[in-house]
Enquirer: 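Below you'll find the structure I mean.
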Amino acid sequence: MRLLVTGGAGFIGSNFVHHVVRHTDYDVTVLDKLTYAGNLASLSGLLEQRVTFALGDIADAARVDDLVASADAIVHYAAESHNDNSLHDPYPFLKTNLIGTFTLLEAARKHGTRFHHVSTDEVYGDLHLDDPFRFTENTPYNPSSPYSSTKAGSDLLVRAWARSFGVAATISNCSNNYGAFQHVEKFIPRQITNVLRGVRPKLYGSGHHVRDWIHADDHSSAVLAILQRGRIGETYLIGANGEKDNRSVVELILRLMGRPTDDYDHVPDRAGHDLRYAIDSTKLRDELGWRPLYENFEQGLTATIQWYRENADWWAPTKDATEAFYAQLGQ
Ligand code: NAD
Ligand code: TDX
């Protein structure tokens, strides 16, 4: 099996490549543009093995066509992925998430290549804090931000190419990931690295917003299960029953790092901030027998904090520019 993994130098894509090398004998080619979010160091140790790196843009049809021609399956992670950036400058989100996905689908159609599309629970919009139900595969799309609307659009392109052109596609929509190698712009690594630098964590608004946390290793095992055993044309939701409000997460990070739990700042809220995400992953569990390994969030977070403590070389070069951007937003 020859896999083409787009966005394989990013947080979750690189985790998947490590997972594939550990658990299969597949050959992997990573196609990545190395934007501010891509880092080849996240693949260190792998490039000498069964992993080849191809620098390029998923919206570059000639480059994509070449690589897809020699792949048996595409696992598509590449995206502009940060909501705050999408509120500031939406265009790269349209280009990569929509035109990039379209470009890959056209190549998959031409070469008859299996396609797995990695998406997010944010396509469903948000829930009230007391809604008794969670997102399922049948929840209507209702995205809120430029990021989530372009991810929703990319999902719809995949569905259309599957139905109209017979592309052998599956889609997964996962909840919020955490773990090693996550860019410091994102909530959990931002707060951990702030504390490591002696800076107070920053909580948007009141902090009562809820996210459904899953460890990136569990996301990877789910994607591999869907790639290998998922039914063509189906969508699977991926989640690990990890709902937590943001304030509790900041307080837990502070406690685990030996700081007083009120040692953080409230900063202006995100525009259009989704209140709550929650995933019902029954279909994935029942059909494919998938189970998460990290069911204890505090344990996963402790290991993540330890990784950031030990890997300042990986994150420090991006920290100042990230904080300068947030300072400009007053956040
Ligand atoms: P990331 O921002 O860490 O990584 C994105 C990667 O894609 C980077 O390596 C970047 O260089 C690359 N890339 C960006 N534009 C590209 C282009 N035009 N051509 C080629 N490569 C390009 O993102 P992530 O958090 O790892 O997310 C990966 C995927 O998973 C995304 O599709 C995202 O929507 C989805 N997802 C993320 C989460 C989460 O919690 N982070 C949850 C559910 C789904
Ligand atoms: O400094 C912060 N303070 C804060 O309170 C930051 C960066 C975030 N937040 C809040 C906003 C959200 O409620 O924390 C929560 C998580 O924020 P992000 O890490 O930016 O994630 P989110 O917007 O929920 O989206 C993430 O999960 C779904 C990923 O970035 C997406 O790529 C994925 O699709």
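Order of appearance sets the numbers: ligands from 1, and atoms from 1 within every ligand. The residues of the chain are indexed from 1 along the displayed sequence.
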Enquirer: Purely on distance, is any nitrogen or oxygen of Thr96 under 3.5 Å from one on ligand 1?
Expert: yes
Enquirer: For ligand 1, which atoms, with element, lie under 4.0 Å from some heavy atom of Asn176?
Expert: 40 (O)
Enquirer: Looking at Ala78 and Gly7, what are the two nearest heavy atoms and their distance?
Expert: CB-N, 3.5 Å
Enquirer: Taking atom 34 (O) of ligand 1 as the point of reference, which of Phe16, Tyr147, Phe11 owns the nearest heavy atom?
Expert: Tyr147
Enquirer: Could you point out which residue of Asp27, Asp25, Asp72 forms a salt bridge (charged side-chain N to carboxylate O under 4.0 Å, His left out) with Arg2?
Expert: Asp72
Enquirer: So, 4.0 Å and heavy atoms of Lys151: is ligand 1 close enough to count as a contact?
Expert: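 Yes, Lys151 has heavy atoms under 4.0 Å from ligand 1.
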Enquirer: I'd like to check whether Tyr77 has a polar contact with ligand 1, where a contact means an N/O of the residue lying under 3.5 Å from an N/O of the ligand.
Expert: yes
Enquirer: For atom 10 (C) of ligand 2, which candidate among Thr322, Asn85, Asn246 provides the closest heavy atom?
Expert: Asn246
Enquirer: Test your reading of the structure: does Asp57 have an N or O sitting under 3.5 Å from an N or O of ligand 1?
Expert: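 Looking only at distances, the answer is yes, because the N/O contact criterion of under 3.5 Å is met.
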Enquirer: Which residue supplies the protein heavy atom nearest to atom 19 (N) of ligand 1, what is that atom called, and how far is it?
Expert: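 Going by distance alone, atom 19 (N) of ligand 1 is nearest to Ile58 N, 3.0 Å.
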Enquirer: Below 3.5 Å, N or O to N or O, backbone or side chain included: is there any such pair between Lys33 and ligand 1?
Expert: yes
Enquirer: Could you check whether the rings of Tyr124 and Phe135 sit parallel, tilted or perpendicular, using 30° and 60° as the cut-offs?
Expert: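 Taking Phe135 first and then Tyr124, their aromatic rings sit tilted (interplane angle of 30° to 60°).
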Enquirer: For the residue pair His19 and Phe16, does the interplanar ring angle fall in the parallel (under 30°), tilted (30 to 60°) or perpendicular (over 60°) class?
Expert: parallel
Enquirer: What is the nearest protein non-hydrogen atom to atom 39 (C) of ligand 1, stated with its residue, atom name and distance?
Expert: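 Of the protein heavy atoms, Ile12 CD1, 3.6 Å lies nearest.
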Enquirer: Does only the side chain of Glu122 get under 4.0 Å from ligand 2, or the backbone, or both, or neither? Count heavy atoms.
Expert: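 Side chain only.
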Enquirer: Give the residue and atom name of whichever protein heavy atom lies nearest to atom 9 (O) of ligand 1, and the separation in Å to one decimal.
Expert: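 Result: Asp32 OD2, 2.6 Å.
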Enquirer: If we only count N/O pairs under 3.5 Å, is Ser81 in contact with ligand 2?
Expert: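 Yes; the residue has a nitrogen or oxygen that sits under 3.5 Å from a nitrogen or oxygen of the ligand.
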Enquirer: Ring centres of Tyr178 and Phe297 under 6.0 Å apart?
Expert: yes
Enquirer: Please find out if less than 6.0 Å separates the ring center of His88 from that of Phe325.
Expert: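 Here the rings of Phe325 and His88 have centres that are less than 6.0 Å from each other.
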Enquirer: When you measure from the centre of the six-membered ring of Tyr326, is the NZ or CZ of Arg190 under 6.0 Å away and within 45° of the axis?
Expert: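 Output yes; distance and angle both within limits.
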Enquirer: Among protein heavy atoms, which lies nearest atom 16 (C) of ligand 2, and at what distance?
Expert: Phe187 CB, 3.6 Å
Enquirer: Indicate the atoms forming the closest heavy-atom contact of Ala54 with Arg63, along with that distance.
Expert: CB-NH2, 3.4 Å
Enquirer: Which ligand 2 atoms, with their elements, are less than 4.0 angstrom from a heavy-atom of Tyr326?
Expert: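 Taking each heavy atom of Tyr326 in turn, ligand 2 has 7 (C) under 4.0 Å.
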Enquirer: Of Arg190, Lys151, Arg270, which has the heavy atom at the shortest distance from atom 23 (O) of ligand 2?
Expert: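 Considering heavy atoms of Arg190, Lys151, Arg270, the nearest to atom 23 (O) of ligand 2 sits in Arg270.
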Enquirer: Atom 44 (C) of ligand 1: which of Ser119, Cys174, Ala79, Gly7 has the nearest heavy atom?
Expert: Ser119
Enquirer: To check your reading of the model: name the closest protein heavy atom to atom 4 (O) of ligand 1, its residue, and the distance in Å.
Expert: Gly10 CA, 3.4 Å
Enquirer: Would you mind checking if Glu287 and Arg231 are paired as a salt bridge, meaning a charged N to carboxylate O distance below 4.0 Å?
Expert: yes
Enquirer: Based purely on interatomic distance, does Ala78 place a nitrogen or oxygen under 3.5 Å from a nitrogen or oxygen of ligand 1?
Expert: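 No.
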Enquirer: Find all atoms of ligand 2 within a distance of less than 4.0 Å from any non-hydrogen atom belonging to His82, and give their numbers and elements.
Expert: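 It comes down to these atoms of ligand 2: 20 (O).
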Enquirer: Phe181 and His183: aromatic ring centres closer than 6.0 Å?
Expert: no
Enquirer: With a 6.0 Å cut-off on ring centres, are His116 and His76 close enough?
Expert: no
Enquirer: For ligand 1, which atoms, with element, lie under 4.0 Å from some heavy atom of Gly56?
Expert: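 Per the distance check, 19 (N), 20 (C).
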Enquirer: Enumerate the atoms of ligand 1 whose separation from the nearest heavy atom of Asn177 is less than 4.0 angstrom.
Expert: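 Contacts of ligand 1 toward Asn177, numbered from 1: 39 (C), 40 (O), 42 (C).
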Enquirer: Taking atom 42 (C) of ligand 1 as the point of reference, which of Ser81, Ser175, Gly179 owns the nearest heavy atom?
Expert: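 Residue with the shortest heavy-atom distance to the ligand atom: Ser175.
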Enquirer: For atom 30 (O) of ligand 2, what is the nearest protein heavy atom, given as residue, atom name and distance?
Expert: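 Of the protein heavy atoms, Lys186 CE, 3.0 Å lies nearest.
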Enquirer: Does Leu203 reach ligand 2 with a nitrogen or oxygen that is under 3.5 Å from one of the ligand's nitrogen or oxygen atoms?
Expert: no
Enquirer: May I ask you to decide if the ring planes of His117 and Phe115 are parallel, tilted or perpendicular, using 30° and 60° as cut-offs?
Expert: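 The rings of His117 and Phe115 lie parallel, inter-plane angle below 30°.
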Enquirer: Please say whether the positively charged group of Arg270, taken as NZ for Lys or CZ for Arg, lies over the ring of Tyr204, i.e. under 6.0 angstrom from the six-membered ring centre and within 45 degrees of the axis.
Expert: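 Not satisfied by the 6.0 Å and 45° rule.
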Enquirer: Could you tell me the residue and atom name of the protein heavy atom closest to atom 5 (O) of ligand 2, and the distance to it rounded to 0.1 Å?
Expert: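 Closest protein heavy atom to atom 5 (O) of ligand 2: Tyr204 N, 2.8 Å.
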Enquirer: At a non-hydrogen distance cut-off of under 4.0 Å, which region of Arg211 contacts ligand 2 (side chain, backbone, both, or neither)?
Expert: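 Looking at Arg211 and ligand 2, just side chain atoms fall under 4.0 Å.
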Enquirer: Give me the nearest non-hydrogen protein atom to atom 34 (O) of ligand 2 as residue plus atom name, then the distance to 0.1 Å.
Expert: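 Going atom by atom, the protein heavy atom closest to atom 34 (O) of ligand 2 ends up being Tyr147 OH, 2.5 Å.
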Enquirer: Would you indicate which of His273, His183, His209 comes nearest to atom 12 (C) of ligand 2 when only heavy atoms are counted?
Expert: His273
Enquirer: Using non-hydrogen atoms of the residue, decide whether Val118 is closer than 4.0 angstrom to ligand 1.
Expert: yes
